[in-house]
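What follows is one structure encoded as structure tokens, with my remarks underneath.
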Amino acid sequence: MQSLPPKTPGWLDWHPKPAKPRLVLPPGAVDAHCHVFGPAAEFPFAAERKYTPCDASKQQLFALRDHLGFSRNVIVQATCHGADNRAMVDACKASEGRARGVATVRRNVSDRELEALHLAGVRGVRFNFVKRLVDVTPQDELQEIAERVADLGWHVVVYFEAEDLPDLWHFFSRLPTPVVVDHMGRPDVSKPAHGPEFGLFLQLMQAHDNVWCKVSCPERLSLTGPQALQGEQRAYQDVVPFARRVVEAFPTRVLWGTDWPHPNLKDHMPDDGLLVDFISQIAPTPALRQQLLVDNPLRLYWPEDA
Ligand SMILES: O=C(O)c1cc(C(=O)O)oc(=O)c1
């Protein structure tokens with residue numbers, strides 16, 4: 001039997017026993033950002049990966065979905081699988097229509113491969129600019145991919161660090177699809193939510209009505225906590241002003257996701273039930289939560305049901 005690669009040193013596995021959220025989610029709520037990892041024995045990780053995670057299977061993801069009270073998932077291709085979308089596609093196909101996917105593809109992807117991804121439930125591609133996660137793909141290659149997937153009605157998900165937005169602004173501005181920004185463009189939350197750095201991100205959304213934002217990953221962005229552990233209902237206070245600004249300014253273009261199984265967290269692994277409770281701090285009214293968790297993700301991923 002082939003031996004499996006060891007996890008990256010210091011790797012934190014997902015929370016084994018998350019609480020039941022206190023927040024009652026609206027019917028039809030979508031966890032619009034989560035991943036599957038392997039299982040490595042069935043779906044090996046990519047040679048070019050920058051980390052080796054624990055396994056996080058589709059069955060475990062669907063069990064979490066049900067436990068937290070979500071109806072559907074959007075499964076985003078994780079960088080540890082490179083452009084080998086088999087684990088994500090397998091999960092989408094097994095979901096009985098309750099999961100859509102976001103893939104990673106290279107310039108040489110064929111039209112038939114794109115069609116097969118579409119049939120499996122894929123509705124977007126992910127472009128990653130975070131240097132600790134991927135080697136840079138030239139922008140002309142990404143532009144070409146964006147133009148091809150635009151014809152399928154897909155969108156582009158982008159992941160980048162706030163300090164890189166000035167350099168990426170022009171590229172993002174020209175993309176011919178909806179553009180969904182992961183994790184609020186990773187603001188440095190030690191800087192003010194009303195300051196120039198986050199202001200530039202808000203300007204991007206203001207200037208381009210095809211730009212959407214995932215108000216996700218407070219556990220990744222927070223510097224001072226408190227962490228979503230041990231029943232904490234007011235977790236990640238330092239992230240709240242950022243996410244709340246986006247939700248209130250652009251209520252029709254925000255999405256939320258758990259980011260389960262939370263790759264590369266270094267200091268703690270959040271309780272996913274308490275992460276769901278965090279939503280009430282950033283989308284304080286039922287109307288905002290209906291848009292964030294149901295109406296917006298349906299428009300993008302299940303337009304036939306919207
Ligand atoms: O910040 C991260 O480490 C991270 C990594 C990945 C991935 O490896 O795909 O996805 C995410 O949404 C976040």
Side-chain angles (χ1 to χ4, degrees), residues 5 7-15 30-38 40 43-58 61 64 73-89 91-92 99-106 122 124-137 142 155-165 179-189 212-223 236 239 242-243 254-270 272 275 278 297:
K7 290 187 275 190
T8 296
W11 185 265
L12 296 181
D13 292 359
W14 38 278
H15 195 290
V30 180
D31 175 354
H33 186 101
C34 50
H35 311 281
V36 285
F37 297 153
F43 302 111
F45 301 121
E48 73 271 25
R49 70 189 180 280
K50 306 284 187 200
Y51 62 87
T52 304
C54 60
D55 282 339
S57 71
K58 58 181 184 281
L61 175 64
L64 181 79
N73 295 114
V74 178
I75 307 175
V76 176
Q77 174 73 355
T79 58
C80 56
H81 281 293
D84 175 352
N85 294 289
R86 282 176 298 168
M88 179 272 293
V89 160
C92 289
R100 295 282 198 236
V102 174
T104 295
V105 300
R106 309 274 182 239
V122 171
V125 286
R126 190 181 200 201
F127 296 167
N128 205 316
F129 302 91
V130 178
K131 295 173 198 81
R132 72 183 158 82
L133 294 173
V134 288
D135 296 325
V136 178
T137 306
L142 297 176
H155 60 273
V156 171
V157 172
V158 293
Y159 192 25
F160 62 91
E161 304 278 1
E163 64 189 24
D164 294 327
L165 179 56
V179 177
V180 182
V181 176
D182 275 344
H183 317 327
M184 294 193 286
R186 293 189 59 94
D188 174 350
V189 301
W212 296 47
C213 176
K214 288 182 199 157
V215 285
S216 45
C217 276
E219 73 286 7
R220 214 176 261 300
L221 301 171
S222 179
L223 300 171
Y236 311 124
V239 183
F242 292 81
V254 283
L255 303 170
W256 191 87
T258 55
D259 193 36
W260 187 89
H262 311 287
N264 302 310
L265 288 187
K266 294 281 183 269
D267 57 357
H268 74 295
M269 183 50 62
D272 294 282
L275 257 192
F278 174 82

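The structure presented is a predicted model; accordingly, all values stated were derived computationally and were not measured. Each ligand, and each atom within it, is numbered from 1 in the order the structure gives.
- Of all atoms in ligand 1, listed by their number and element, those nearer than 4.0 Å to a heavy atom of Arg186 are 1 (O).
- Under 4.0 angstrom from ligand 1, the non-hydrogen atoms of Asn264 all belong to its side chain.
- By the 4.5 Å heavy-atom criterion applied to side chains, Phe278 and Pro270 are not counted as neighbours.
- Asn85 places a side-chain N or O within donor-acceptor distance of the main-chain N or O of Thr104, the cut-off being under 3.5 Å.
- Within the 4.0 Å heavy-atom cutoff, Asp259 counts among the residues contacting ligand 1.
- At a 4.0 Å heavy-atom cut-off, ligand 1 does not touch Val76 at all.
- Considering backbone and side-chain N/O atoms, Asp182 never comes within less than 3.5 Å of an N/O atom of ligand 1.
- Closest protein heavy atom to atom 6 (C) of ligand 1: Pro263 CG, 3.8 Å.
- Using modelled atom types, one finds a donor on one side chain and an acceptor on the other under 3.5 Å when comparing Asp31 with Thr258.
- Compare Gln77, His262, Glu161, Arg126 by their heavy atoms: the one nearest to atom 11 (C) of ligand 1 is in Arg126.
- In this structure, the side chains of Thr79 and Val130 stay at 4.5 Å or more apart for every pair of heavy atoms.
- Heavy atoms of His183 approach ligand 1 to within less than 4.0 angstrom.
- Put simply, the side chain of Asp55 gets close to the backbone of Ala40: a donor and an acceptor are under 3.5 Å apart.
- Side-chain contact, Tyr51 with Arg132: no donor N or O sits under 3.5 Å from an acceptor N or O.
- The backbone N or O of Asp259 lies less than 3.5 Å from no partner atom in the side chain of His33, so there is not a single donor-acceptor pair.
- The protein heavy-atom contact nearest to atom 1 (O) of ligand 1 is Tyr159 OH, 2.6 Å.
- Remark: ligand 1 atoms within the under-4.0 Å shell around heavy atoms of Tyr51 are 7 (C), 8 (O).
- Counting atoms of ligand 1 from 1 in the listed order, those under 4.0 Å from a heavy atom of Ala78 are 9 (O).
- For the pair His262/Leu275, a side-chain contact is recorded, criterion being any heavy-atom separation below 4.5 Å from C-beta on.
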